[in-house]
Amino acid sequence: AEFTDFRVADLSLAAFGRKEITLAEHEMPGLMSIRHEYAAAQPLAGARITGSLHMTVQTAVLIETLVALGADVRWASCNIYSTQDHAAAAIAVGPQGTPEEPKGVPVFAWKGETLEEYWWCTEQALTWPDTATGGPNMILDDGGDATLLVHKGVEFEKAGAAPDPSTADSEEYGHILRLLNRTLGESPQKWTQLASEIRGVTEETTTGVHRLYEMHREGTLLFPAINVNDAVTKSKFDNKYGCRHSLIDGINRATDVLIGGKTAVVCGYGDVGKGCAESLRGQGARVIITEIDPICALQAAMDGYQVTTLDEVVETADIFVTTTGNKDIIMASDMARMKHQAIVGNIGHFDNEIDMAGLAQLPGIVKDEVKPQVHTWTFPDGKVLIVLSEGRLLNLGNATGHPSFVMSNSFADQTLAQIELFTKPQEYPTDVYVLPKHLDEKVARLHLDSLGVKLTTLRPEQAEYIGVKVDGPYKSDHYRY
Ligand SMILES: NC(=O)c1ccc[n+]([C@@H]2O[C@H](COP(=O)([O-])OP(=O)(O)OC[C@H]3O[C@@H](n4cnc5c(N)ncnc54)[C@H](O)[C@@H]3O)[C@@H](O)[C@H]2O)c1
Ligand SMILES: Nc1nccc2c1ncn2C[C@@H](O)[C@@H](O)C(=O)O
């Protein structure tokens, strides 16, 4: 039967996507090594994995690794602007298919989805026709939207109704409520039944992890979770070195502004902020940090950055980047004070770091599209602001996100986490876990040869002296790297 269980922008892009996937595989040695190591054992045979993670070339390599390990997969992106359409096309067509006869994986993602389409895609990725529960038995999440939809579905099914969408405190939540009101009418136990077979979720990013700990604290978490973000080989690499590469990629492709000599403000000096600050300084910008945390602020000062408040620099700086994972960092009133053609962008997971709703409501403001994901906002006095990706993460909205080599670390962690949760459910009662250190070190080890690294081997007496095994783990669980 013809395979039509997908929705992408343009199947004819599949060949281009396949070429870039092939190039990416060489740049993802850790992930490919895990694919080869585990393929024979088929550890994910029987797994039905719903993915909600930016549908990029690198994610395509992750998807095909999960499939190679035996999994069935359904996929959506976790952001309306982050899909690379040629990667999505290659996934729908598959390595053996053609645009005329696709033979790939169900994927529902295209660059420039509306919010309503985004949640429809997420629902498609979560809906598994011809299965007992109608759903997945694993979730691979980035930011927690798939996990949220399942939890809200169960919550409202238990209550017998979802709130009136007109009461939603955001446009996004309104779409979720409309969707759940529809499914409540169509199938009143859809989400409860679907959740019953989910063995767990592996969460990619800081903001999604925050949501999981919050649900666990509230006692509402329905299944165990592995916090992949806090694998050292994820957040100390992807968040830092990935953003170091892809932040200026996004700014350059969006504006081609000369960064050298300009003043750039980075809000937040966590893993992402550190990479962003280094990236901008590397281009010759004078980088100023804002922080709430005295430790991160002290780190920034010791790294040679001025650390002050946004209020102090909002009228003089040229480029503003939010990296906090928090909300309401740059408000409309701040943007009203910025200089002509200041550039504002966010690289945090959600679009609530920049007050886009407030900006749109400023009297006399005029929004104009320069090109996709680049807008000017003109104030009545003629001052123009340049806003990237409408406040959504600009490295994936204006560029192609992190490069393959760093995503190889993150996705090796993800694959190991999926195997852990799927094959050892009895070892993971509902809670939030991190990957054991020996797996973290394994992922790092898999990336050393490509960079020409030669490790030193501990001698037994040395290992004994520092209290570790010759083959590791080399650090305590509380070591901070
Ligand atoms: N775009 C990407 O490719 C990408 C990659 C990784 C992570 N992320 C996302 O980026 C965000 C940050 O991730 P992270 O790992 O750096 O988190 P983090 O917690 O390490 O860093 C965030 C920092 O922001 C600071 N902060 C919080 N509120 C602030 C405020 N009001 N003003 C100034 N500073 C404030 C915190 O003190 C913290 O140091 C998260 O949303 C994460 O999901 C995006
Ligand atoms: N090329 C890429 N493919 C997939 C996801 C990508 C990405 N670049 C950044 N993210 C987001 C990740 O950094 C994710 O781990 C996060 O933390 O947001």
Side-chain angles (χ1 to χ4, degrees), residues 34 38 41-53 62 65-66 69-76 78 122 125-128 131-155 157-158 190-235 349 410-440 442-443 477:
I34 283 172
Y38 287 90
Q42 290 289 285
L44 295 177
R48 300 195 306 277
I49 303 172
T50 287
S52 168
L53 196 153
L62 168 62
T65 297
L66 298 171
L69 270 48
D72 286 319
V73 172
R74 293 178 72 83
W75 212 269
C78 62
T122 304
L126 280 163
T127 303
W128 291 70
T131 60
T133 63
N137 53 25
M138 291 294 291
I139 296 178
L140 196 158
D141 221 338
D142 183 337
D145 277 351
T147 302
L148 175 75
L149 190 57
V150 172
H151 279 74
K152 283 295 174 191
V154 171
E155 178 188 334
E157 285 176 355
K158 279 198 170 60
K190 170 188 170 78
W191 299 102
T192 304
Q193 197 172 359
L194 182 148
S196 67
E197 203 188 354
I198 294 178
R199 297 188 192 181
V201 55
T202 58
E203 172 54 51
E204 174 82 0
T205 201
T206 318
T207 289
V209 161
H210 173 77
R211 284 177 154 183
L212 286 169
Y213 283 114
E214 218 169 37
M215 282 193 275
H216 185 52
R217 261 197 311 277
E218 289 161 358
T220 57
L221 188 59
L222 293 171
F223 34 74
I226 292 188
N227 159 6
V228 172
N229 183 70
D230 288 321
V232 178
T233 48
K234 194 278 175 180
S235 44
H349 185 77
S410 307
F411 290 164
D413 290 324
Q414 271 287 2
T415 304
L416 292 171
Q418 282 282 317
I419 294 170
E420 271 296 300
L421 266 189
F422 181 69
T423 61
K424 304 172 188 171
Q426 69 288 354
E427 292 181 26
Y428 290 94
T430 298
D431 199 337
V432 183
Y433 302 86
V434 292
L435 275 180
K437 192 170 288 296
H438 74 274
L439 291 180
D440 220 338
K442 174 191 174 95
V443 170
D477 280 348

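No hydrogens, no waters, no symmetry mates; every other heavy atom, side chains included, goes into these values.
- For the pair E197 (side chain) and T133 (backbone), a donor-acceptor distance under 3.5 Å is absent.
- Taking CD1 of I49 as the reference point, atom CG of L66 lies at 4.5 Å (rounded to 0.5 Å).
- Separating the CG atom in L212 from the CD1 atom in I226 is a distance of 11.5 Å, to the nearest 0.5 Å.
- Contacts classified as ring pair (Phe, Tyr, Trp, His ring centres under 6.0 Å) and involving residues 203-235 (residues at least two apart or in different chains) are given here: H151-F223.
- Residues E203 and R211 are not in side-chain contact: their nearest non-hydrogen atoms beyond the backbone lie 4.5 Å or more apart.
- Here the straight-line distance linking atom CH2 of W128 with atom CZ of R48 works out to 7.0 Å at 0.5 Å rounding.
- Contact check for D431 versus P224: no side-chain heavy atoms found under the 4.5 Å cut-off.
- A distance of 5.5 Å separates OG1 in T205 from CG in D142, rounded to the nearest 0.5 Å.
- Here the side chains of P136 and I198 are in contact, with some heavy-atom distance below 4.5 Å.
- No side-chain heavy atom of V443 sits under 4.5 Å from any side-chain heavy atom of L439.
- No hydrogens or angles considered: a donor-acceptor pair under 3.5 Å links the side chains of D141 and T147.
- L44 is not listed as a side-chain neighbour of Y38, based on a closest heavy-atom distance of 4.5 Å or more.
- In this structure, the side chain of T220 engages the main chain of M215 through a donor-acceptor pair within 3.5 Å.
- In this structure, A195 and V150 approach most closely via the heavy-atom pair CB-CG1, 3.9 Å.
- Residues L140 and W75 form a side-chain contact, since some pair of their non-hydrogen atoms from C-beta on lies under 4.5 Å apart.
- For D230, the side-chain contact (heavy atoms from CB on, under 4.5 Å) criterion is met by V209, N227, S235, V434, not counting sequence neighbours.
- Electrostatic pairing of K158 and E155 does not count as a salt bridge here, judged by no charged N lying under 4.0 Å from a carboxylate O.
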Please list every donor-acceptor pair under 3.5 Å in which a side-chain atom of residues 412-425 meets a protein atom from a residue at least two apart or in another chain.
unit_1: D413; atom_1: OD1; unit_2: T233; atom_2: OG1; d: 3.0
unit_1: D413; atom_1: OD2; unit_2: T233; atom_2: OG1; d: 2.9
unit_1: D413; atom_1: OD2; unit_2: K234; atom_2: N; d: 3.4
unit_1: Q414; atom_1: OE1; unit_2: T202; atom_2: OG1; d: 2.6
unit_1: Q414; atom_1: NE2; unit_2: E204; atom_2: OE1; d: 3.0
unit_1: T415; atom_1: OG1; unit_2: F411; atom_2: O; d: 2.8
unit_1: Q418; atom_1: NE2; unit_2: I139; atom_2: O; d: 3.2
unit_1: Q418; atom_1: NE2; unit_2: T202; atom_2: OG1; d: 2.8
unit_1: E420; atom_1: OE1; unit_2: Y428; atom_2: OH; d: 2.4
unit_1: E420; atom_1: OE2; unit_2: K424; atom_2: NZ; d: 2.8
unit_1: T423; atom_1: OG1; unit_2: I419; atom_2: O; d: 2.6

